[in-house]
Amino acid sequence: MTTPLRVRFAPSPTGPLHIGGARTALYNYLHARSKGGAFVLRIDDTDRERSTAESLAHILEGLRWLGLDWDEGPEKDGPHGPYFQSLRLEGYRDRVDRLLESGKAYRCFCSPEEVQEGRLRMQERVGASMYDRRCRRLEDREIRCRMEEGRPYVVRFAMPESGTIVLKDAIKGEVEIRLDQIDDWVMLRRDGSPLYNLCSALDDADMEITDVIRGEEHLLNTVKQVFLLEALGLPVPRFAHLPLILGKDGKKLSKRMAQTDLLSYRDAGYPAEALVNFFARLGWAPDAETEVFGLEEAIDRFDLKDVGRSGSMLDEEKLEWLVGVWLRRMEPGEILDRAVPWIEKAGLASSSEIAARRAWFEAIVGCYRERVRSLAEVPEKIGFFLAAEIRYDDKAWKNLTKHAEAAEWMEAWLNRLGAVWDSAEALEARSREIAEELGIGFGRLVHPLRAALTGTSAGAGLFDIVFLLGPEETRKRVEAAVHALREGVRP
RNA sequence: GUCCCUAUCGUCUAGCCAGGCCCAGGACGCCAGGUUUUCAUCCUGGUAACGGGGGUUCAAAUCCCCCUGGGGACGCCA
């Protein structure tokens, strides 16, 4: 029997969950779910200075929004907790002591200045900017002496000084790395607090993580962690390093080039499904043609070995297209539910008003389903339905004033419509007849009417709008337009 | 500077591991046309790539080498 697969996503709560992190989380999730493994969420908050509760909340919210539910982690717990590194400090010290005893780690008394000095020297000699290891060869006596003096020290891991290691990576294949380039990295700060590479590797082992999937920028950290685990006789997980997401300029994603904060996409009215679809598709494809798919399908078809090996740029236009696709796939009621916060924020209607006229609201949202580019756009598209008074935009006013007879035509339309308010189709059929009766093209009637009713020159089918506005409101708006035309004043 | 990764249309990618089915497929974008009362949707068509050079082979996008381009890492951050 093989050990059950376990992956983890281990963000540090030092800022909002960004796109890169979200994609890493997604790939971890897909890998776990597709292979029947567990998805663990661990918070790497060893940097006490920069970690904040706000960031943590933001990260959890982002993951939940995407639908990436974790099996173990904050607000969930599990057999391997606690899931915050700040709560796991004791475990790290013991292991460091063991390494110190066996000589696989050593105390370094160098001041930051001395370290820096050594770095410059190594840069020249070896070409790599790293600690020159001067404390590695300190006599035991000297060490004791300095400790008695109370001189502060950090604990460094003693890496091999030469040779190579071959890392097996699920995405990149075998990667050979020269060890003479790798620093004797610091495990414990001066104040005794543990650092990332120590905690991360130890927690992975303690939490029985079998597969570590993280960004490519961690490749060298992986080397350090493998040596640490081996020195301690701990199991070494499998690794997969994801290529980075690049900005439009082809460089590492920066705040300047794009929205990097995941939740800013939610706040812009993008459905989570679109983001999941987009991220999954960035660096991976289920086959040669499938572009639109949800989390379930991705889980069915995902395999780490199919993940691309090169970085990919964030194509915002494709994301926007995906947003439209997902919006169009939704039932009007679904869009309405999700758009309620925006409708309320715009002051168009309260959620109770929406609930009271549910069917009507669903219908008007339905009219604009093919026309909104995000949930945030819903209020501006449907706003005219609820407006007390219509203001005409430039094009609308132009359509109203294009033909001097427009006012007459609209009045005639109003008076001749008759009892056809059962459906948009009936309204349209009768309107076509009226245009014929008036001896004018349909467009001459339709364009001014649209302007009068909506204040714009484009939008949903005119008779769907008329139908949903109802006879009274329609009459009111047409009369207002006729009045404005006669007065020659544009409201 | 050193090390590591990487290389198919402008972008995301399929194909590469197991060479011929690829004068390279899909999608976004863009352009043109159609549908429609308008806009959007939708439909049809077009645009555009194997970074360069050497090999290996009857045959290379696919295998090998070199070059070039791009990215990343070099913290008492994660």
Side-chain angles (χ1 to χ4, degrees), chain A residues 10-15 44-47 49-51 108 110 112 115-116 119 122-124 126-131 152-156 167 169 171-173 175-178 180-183 185-191 193 195-197 199-200 214-221 223 241 243-244 246 248 250-252 278 281-292 305-306 308-322 324 328 368-373 381 395 399 428 431-432 435 441-447 449-451 454 456-463:
Chain A
S12 67
T14 53
D44 283 11
D45 57 351
T46 49
D47 187 343
E49 312 251 300
R50 294 195 300 149
S51 295
C108 167
C110 293
V115 171
Q116 180 56 22
R119 276 219 163 83
M122 291 295 274
Q123 171 77 264
E124 264 168 54
V126 204
S129 164
M130 54 198 280
Y131 174 59
Y153 61 86
V154 301
V155 178
R156 291 181 182 273
L167 239 42
D169 187 284
I171 294 169
K172 310 246 178 221
V175 181
E176 185 173 344
I177 291 163
R178 283 174 50 175
D180 60 0
Q181 300 282 323
I182 302 198
D183 215 347
W185 50 283
V186 176
M187 309 167 81
L188 255 33
R189 291 187 181 93
R190 244 160 213 266
D191 65 4
S193 60
L195 255 6
Y196 172 73
N197 279 309
C199 304
S200 183
R214 77 226 302 193
E216 201 170 43
E217 71 270 25
H218 286 290
L219 202 75
L220 267 349
N221 287 330
V223 175
H241 292 91
L244 270 18
L246 278 12
K248 261 209 154 13
K251 301 232 190 316
K252 200 177 176 182
F278 181 69
R281 192 63 188 64
L282 201 63
W284 176 74
D287 56 48
E289 30 234 51
T290 308
E291 295 288 344
V292 182
K305 72 173 178 8
D306 298 326
R309 294 182 300 179
S310 57
S312 28
M313 297 194 208
L314 189 84
D315 183 353
E316 278 165 323
E317 282 173 332
K318 190 149 185 175
L319 207 208
E320 282 164 18
W321 169 73
L322 236 19
R328 271 172 250 129
Y368 280 86
R369 183 171 58 176
E370 283 80 31
R371 281 164 258 255
V372 289
R373 307 176 63 77
K381 292 287 185 195
K395 275 189 170 171
N399 287 346
E428 176 168 353
S431 300
R432 285 188 187 272
F442 197 39
R444 300 216 164 166
L445 184 58
V446 157
H447 294 304
L449 275 176
R450 175 183 296 284
T454 71
T456 66
S457 57
L462 181 62
F463 298 97

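In what follows, chains carry the letters A, B, and so on, assigned in the order in which the sequence lines appear, proteins first and then strands, with residues in each chain numbered from 1.
- Here A:Arg281 lies in heavy-atom contact (under 4.0 Å) with a base.
- At a threshold of 4.0 angstrom between heavy atoms, the contacts of A:Cys110 include nucleobase atoms, whether or not backbone atoms are also involved.
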Anything under 3.5 Å between a protein N or O and an N or O of nucleotides 6-8 of chain B, put it in a table, one pair a line.
none

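- Here A:Thr290 lies out of heavy-atom contact (under 4.0 Å) with every strand.
- In this structure, the side-chain contact (heavy atoms from CB on, under 4.5 Å) partners of A:Leu319, at least two apart in sequence or on a different chain, are A:Tyr265, A:Tyr270, A:Leu275, A:Phe278, A:Val323.
- Heavy atoms of A:Asn221 sit under 4.0 angstrom from at least one base atom.
- Using a 4.0 Å heavy-atom criterion, one finds that A:Leu462 contacts the bases of the nucleic acid, with or without backbone contacts as well.
- Taking the C1' atoms as reference points, B:C23 lies 15 Å from B:A59, given to the whole Å.
- Put simply, A:Arg119 has a side-chain N or O that comes within less than 4.0 Å of OP1 or OP2 on B:C76.
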With 3.5 Å as the limit, what N/O pairs link the protein to nucleotides 28-33 of chain B?
residue: B:C28; atom: O2'; partner: A:Lys318; partner atom: N; Å: 3.3

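- For A:His241, the side chain to side chain donor-acceptor pair (under 3.5 Å) criterion is met by A:Asp169, A:Thr222, not counting sequence neighbours.
- For A:Tyr131, there are no side chain to side chain donor-acceptor pair (under 3.5 Å) partners, not counting sequence neighbours.
- With sequence neighbours excluded, the residues that form a side-chain contact (heavy atoms from CB on, under 4.5 Å) with A:Arg189 are A:Asp191, A:Ser193, A:Leu195.
- As rounded to the nearest Å, B:C66 and B:G25 have P atoms that lie 32 Å from one another.
- Distances shorter than 4.0 Å separate none of the side-chain N or O atoms of A:Arg371 from OP1 or OP2 on B:U38.
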